[in-house]
Protein chains: 2
Amino acid sequence: MDVFAALADPVRRELLRALTTGPSRVVDLSAAHPISRPAVSRHLRVLAEAGLVTADDRGRERHYRLRPDALAPVAGLVAELVSEPQSGAAPFAASVLDGLDLEVRRTGRERRSDPATRTSVPTEETA
Amino acid sequence: MDVFAALADPVRRELLRALTTGPSRVVDLSAAHPISRPAVSRHLRVLAEAGLVTADDRGRERHYRLRPDALAPVAGLVAELVSEPQSGAAPFAASVLDGLDLEVRRTGRERRSDPATRTSVPTEETA
DNA sequence: ACTATTGGTAATCGATCAGTTACGTGATCG
DNA sequence: CGATCACGTAACTGATCGATTACCAATAGT
């Protein structure tokens, strides 16, 4: 499942928010949310497939950790849509992408061609 | 349908990208995508419910225009998840939110309290 | 060793979604 | 006017999703 579909579910978004305070176990996450533990487990699997979380196996426990880099396509889409094509560059959006250690410039219409900063990462998984 | 669910569909994301070059009619949008016109119409309705587009009725034509402000919850979530709680502030994410003329600070754990810049808009529709 | 805890998986069910074809409505053009 | 164009809606279908209960494997504690 891709990142956007993973974020479509409010429960999954809530799980991601819960992980901002640090890695958590499945039991704790399911205790904090009004759904059964298998449901949480499935949601975590979806989030893991999307790259948004990773699991650290520690004995019989499994600690899920947030992986914010996987949000790059989302930030990239926001950057694409917010930037007005005729208004020059997209000054604001760039900094979030910096926060995600990925190059997601290339707002679709090949805005500038600055070979130094352009590497390889596509704007989205469909590209 | 909320913004995240609206963005979950790749066709809808593609429609939004098509609208970055300016308002378009339904016929043109459906001609550029491999789905039928009613399908495009339904997708546009979903996007309109999410606030991501608006329709300008001009005679028998209907011009759909992009509404980037509706991306605020998305940018807000990215800001929430990217900011590390123990690493101080969230410097990068803030600027995207500026680009969306909305205040989506308040990353959950009431990070600072700067009454001058905080107004009213919640981080997400669930809040 | 026995038992309790942690966590994933399988089977099932109901609901929602995305797509199509067919149809109806209002505006434009000859 | 009559024909056409643009657009939305209705009805229907196949696929996917989310949740639950029941079950199984592995680790930890006594």
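The chains referred to below are lettered A, B, ... by the order of the sequence lines, with proteins before strands, and numbering in each begins at 1.
Judged by distance alone, with hydrogens and angles left aside, the side-chain atoms of B:Arg13 form a donor-acceptor pair with the main-chain N or O of B:Ala8 at under 3.5 Å. Checking side-chain atoms of B:Arg12 against main-chain N and O of B:Ala5 turns up a donor-acceptor pair under 3.5 Å.
Look at CG on A:Asp28: it is 14 Å from P on C:dT5, rounded to the nearest Å. Residue A:Asp2 contributes atom CG, which lies 14 Å from atom C1' of D:dT16 at whole-angstrom precision. Atoms NE2 (B:His33) and C1' (C:dT20) sit 18 Å apart, rounded to a whole Å. Atom pair A:Asp9:CG and C:dT16:P shows a separation of 13 Å (rounding to whole Å applied). Rounded to an integer number of Å, the gap from A:Glu61 CD to C:dA4 C1' is 14 Å. Per the geometry, CG belonging to A:Leu7 stands 12 Å off P belonging to D:dG18, to the nearest Å. At whole-Å resolution of the value, CG in B:Leu29 and P in D:dG8 are 10 Å apart. Distance, B:Arg12 CZ to C:dG19 C1': 12 Å, rounded to whole Å.
Distances from the side chain of B:Arg62 to the nucleotides D:dG8, C:dG8, D:dG18 place D:dG8 closest.
Taking the side chain as every heavy atom from C-beta outward, B:Leu16 and B:Leu7 approach each other to under 4.5 Å. Residues A:Leu47 and A:Leu19 are not in side-chain contact: their nearest non-hydrogen atoms beyond the backbone lie 4.5 Å or more apart. B:Asp56 places a side-chain heavy atom less than 4.5 Å from the side chain of B:Arg65. You'll find the side chain of B:Val26 reaches within 4.5 Å of the side chain of B:Tyr64, heavy atoms only. Counting heavy atoms from C-beta on, the side chains of A:Arg25 and A:Arg62 never come closer than 4.5 Å. Contact of the A:Leu52 side chain with the A:Leu71 side chain is registered, since non-hydrogen atoms from C-beta on lie closer than 4.5 Å.
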Atom pairs and distances, donor-acceptor, side-chain atoms in residues 32-42 of chain A, under 3.5 Å, two or more places apart:
none

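Between A:Tyr64 and C:dG8, a side-chain N or O to OP1/OP2 separation shorter than 4.0 Å is present. The shortest distance between the side-chain N/O atoms of A:Arg60 and the OP1/OP2 oxygens of D:dA26 is not below 4.0 Å.
Near DNA chain C, defined here as any heavy-atom distance below 4.0 Å, there are no residues from residues 51-58 of chain A. For residues 34-50 of chain A, proximity to DNA chain C is found at A:Arg37, A:Pro38, A:Ser41, A:Arg45, defined as any non-hydrogen atom under 4.0 angstrom from a strand atom.
Map A:Gly59 and A:Ala5 each onto its nearest nucleotide of DNA chain D; the residue landing nearer the 5' end is A:Ala5.
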